[in-house]
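Next up is a structure, given as structure tokens.
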Amino acid sequence: MAIFHKVLVANRGAVAGRVLRACNALGIACAAVYSDADRDAPWLALAGETVHIGPAPARESYLDGGAILHAARELNCDALHPGYGFLSENAAFARTVEAAGMRFIGPAPRWIEAMGHKTRAREIAAAEGLPVGRGSGVLSGERAEVLAAAEAIGYPILVKPAAGGGGIGMLPARNAEELLAAVERAASMAARGFANREVYLERLVERPRHVEVQLLGDRHGRVAHVFERDCSVQRRHQKIIEEARAPRVDAPRLAQLLEKLAQTFGRLGYDNLGTVEMLLSPQGEYRFLEMNTRLQVEHGVTEDITGIDLVAAQLRSSAGEALEAILPQAPRASGHAIQARVYAEDPKRFLPSPGKLAVFAPPSGSGIRVETGYAAGREVTPHYDPLLAKVIARAETRAAAIERLIAALQVFRIEGVKHNVPALVAILGSEEFRDGRVHTGLAAQIVGRASAAVG
């Protein structure tokens, strides 16, 4: 089956480079967009054509759907890849792309819409018999309603934006007073971040793990799983270390969950790449959190243990190819892969650290993969996420992958901005991480312990 004539990559940085490389490998002509801040960015060299779309602020460039659509039309593109972040989960934009006669590389807009609203996603999951934790619907904000919902769920509570993601606006509350303040603050943060004030409540699970399942569907009614990843090591509810496969899990129970998710979303007609995020309690119980209808930042660890190019698979599925032609008949996982996200940030307070990269020399070598959109001399601006690079180590065993990743990070030279490499090395080298005793509070625990030792 013929694949696309030309794909516009509507993103920036590491993900833009990743998608452009996949297009080039498949022989698809590709184009890229860029803002003022990215005029000389290294990934642009991978594109056959480039188009300037606006000033540095994301709302005036990478979030300007009109400018991006105009660029796609001008370049005669028949498909658009949104990457992750920005417009990747904007159902209205996806519909506009499709209405213009182009293919939006991702699932059908109805799926983006359904899964993009967290309470609707929970309702769909519950209706299909997937395990869902205690929670509320969207709250009106009325004091009595909020308190009644919390009493029905039970404290501690987690307040979450209904239309958001990435950990933005997620706030805990252990009593009524904290809850009322958290609801107001979360609604305000959601309005700023997602242009939607809606929030809802979930039961807060103490020291949980975050396990996600990679799915791939086609336009012919089939969905397969490509195993799971553990993304428990987080700061401010945002992932910083991810691995595949997940350590210290009940393998038979997990295998049943993987098959159930693939069967469920196949029956529902999910039709492209997607990731189901689950919370794993200390008691070993899985609970549906949400589904991300896009490529994940951490997709590389799955690629490294399966040999499957997920971006190429996503493109081929969008072009109409059947799953049987895209994936091996029985995908297999071998070895272990761990990814560390290197950020330009204060490693103690987890705050962004913009500036010019006087030195930027990523590691290399056997079993090491680096995805980045930066080079020495480039400016890390406050306009975008401060992710500098993703460093992935693959080895035959988890212990060997840990050692390989630590060694790679220790030779990663970065000067000109603060960065989190020391924190990453401390986490990877900790007894808890080495033993696979990971949870969402581990990063703060280890960084706090290291700071106390220094202080």
Side-chain angles (χ1 to χ4, degrees), residues 57-59 63 84-92 112-123 125 132-143 145-147 149-150 153 155-206 208 210 212 231-240 275 277-279 287-294 296-297 341 343 345 349-352 382-387 440-441 443-444:
R59 291 198 176 278
L63 286 170
Y84 43 69
F86 295 136
L87 295 169
S88 63
E89 292 178 287
N90 186 314
I112 301 173
E113 187 170 60
M115 292 295 138
H117 196 281
K118 307 311 178 188
T119 57
R120 284 201 289 272
R122 284 167 53 86
E123 289 167 1
V132 178
R134 282 179 281 172
S136 74
V138 171
L139 302 172
S140 68
E142 293 293 328
R143 177 188 175 95
E145 178 203 33
V146 171
L147 295 178
I153 296 167
Y155 290 95
I157 293 287
L158 188 64
V159 184
K160 300 179 69 174
I168 298 171
M170 290 172 54
L171 299 172
R174 298 184 178 279
N175 55 53
E177 183 179 357
E178 288 183 7
L179 175 64
L180 293 171
V183 166
E184 181 56 37
R185 186 176 167 216
S188 178
M189 294 171 72
R192 290 196 305 271
F194 313 113
N196 185 328
R197 288 183 58 85
E198 292 179 330
V199 298
Y200 68 102
L201 309 182
E202 280 183 2
R203 177 63 184 259
L204 176 65
V205 179
E206 305 280 8
H210 189 129
E212 62 186 32
C231 308
S232 300
V233 181
Q234 306 175 4
R235 49 87 165 117
R236 298 199 314 269
H237 302 294
Q238 294 178 325
K239 307 163 188 173
I240 53 174
T275 301
E277 308 218 9
M278 309 289 290
L279 208 62
R287 293 290 180 264
F288 176 91
L289 276 179
E290 62 187 27
M291 184 181 198
N292 292 320
T293 55
R294 54 168 168 80
Q296 294 278 99
V297 178
R341 301 192 193 189
Y343 282 93
E345 66 180 15
R349 297 184 297 160
F350 302 134
L351 295 176
H383 298 293
Y384 314 121
D385 183 84
L387 178 64
T440 58

Looking at side-chain heavy atoms only, is the closest gap between R294 and Q296 below 4.5 Å? yes

For H210, is there any backbone N or O sitting under 3.5 Å from a side-chain donor or acceptor partner on S232? yes

Are F288 and L279 close enough that some pair of their side-chain heavy atoms sits under 4.5 Å apart? no

Using every non-hydrogen atom in the two residues, find where I112 and S88 come nearest and quote the distance to one decimal. CD1-O, 4.4 Å

Shortest non-hydrogen contact from P161 toward G169: CD-O, 3.5 Å

Given side chains that start at C-beta, do those of P156 and R203 come closer than 4.5 Å, heavy atoms only?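 When only atoms from C-beta onward are counted, R203 and P156 do touch, with a gap below 4.5 Å.
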
Any heavy-atom pair between the side chains of N292 and E290 that's under 4.5 Å? yes

Is it the case that the side chain of T119 and the backbone of G137 share a donor-acceptor pair, with hydrogens and angles ignored and the cut-off at 3.5 Å? no

Side chains of E113 and H117, heavy atoms from C-beta outward: is any pair under 4.5 Å?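 They are not in side-chain contact.
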
Just to verify, what does Y200 make a ring pair (Phe, Tyr, Trp, His ring centres under 6.0 Å) with, not counting sequence neighbours?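 By the ring pair (Phe, Tyr, Trp, His ring centres under 6.0 Å) rule, Y200 matches no residue at all.
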
Side chains of L158 and L171: does their closest heavy-atom pair fall under 4.5 Å? no

Mind listing the closest non-hydrogen atom pair of P172 and L204 along with its distance? CB-CD2, 4.0 Å

Give, for atom OG1 of T293 and atom OH of Y84, the distance between the pair rounded to the nearest 0.5 Å. 15.5 Å

CD1/I153 to CG/L179 distance, rounded to the nearest 0.5 angstrom?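 The distance works out to 9.0 Å.
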
Test applied, salt bridge (charged side-chain N to carboxylate O under 4.0 Å, His left out); reference residue, E202; option that passes from R134, K118, R122: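 That would be R122.
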
Nearest heavy atoms of V233 and A443, plus distance in Å: CG1-CB, 4.1 Å

Smallest heavy-atom separation, L180 atom then V146 atom, equals CD2-CG1, 4.1 Å

Can you sort out the partners of E345 under salt bridge (Lys or Arg N to Asp or Glu O under 4.0 Å), two or more places apart, ordered by chain and number? R235

Listing request: all salt bridge (charged side-chain N to carboxylate O under 4.0 Å, His left out) pairs with a residue in residues 172-184, at least two apart in sequence or in separate chains.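 Residue pairs with at least one partner in residues 172-184: R174-E206, E184-R197.
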
Heavy-atom donor-acceptor pair, Q234 side chain to G441 backbone, under 3.5 Å: no

Between L147 and E142, is the side chain to side chain contact (heavy atoms under 4.5 Å, CB included) condition met? List the steps. CA-CA 9 Å; L147 295 178; E142 293 293 328; over 6 Å; no

Worked check of side chain to side chain contact (heavy atoms under 4.5 Å, CB included) between L139 and E145: CA-CA 7 Å; L139 302 172; E145 178 203 33; 3.9 Å; yes

Would you indicate whether the side-chain heavy atoms of K239 and R341 approach each other to under 4.5 Å? yes

Output the distance between atom CD (Q238) and atom CD1 (I168), rounded to the nearest 0.5 Å. 6.5 Å

Nearest heavy-atom neighbours spanning A150 and L201: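 What the structure gives for the nearest pair is N-CD1, 3.9 Å.
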
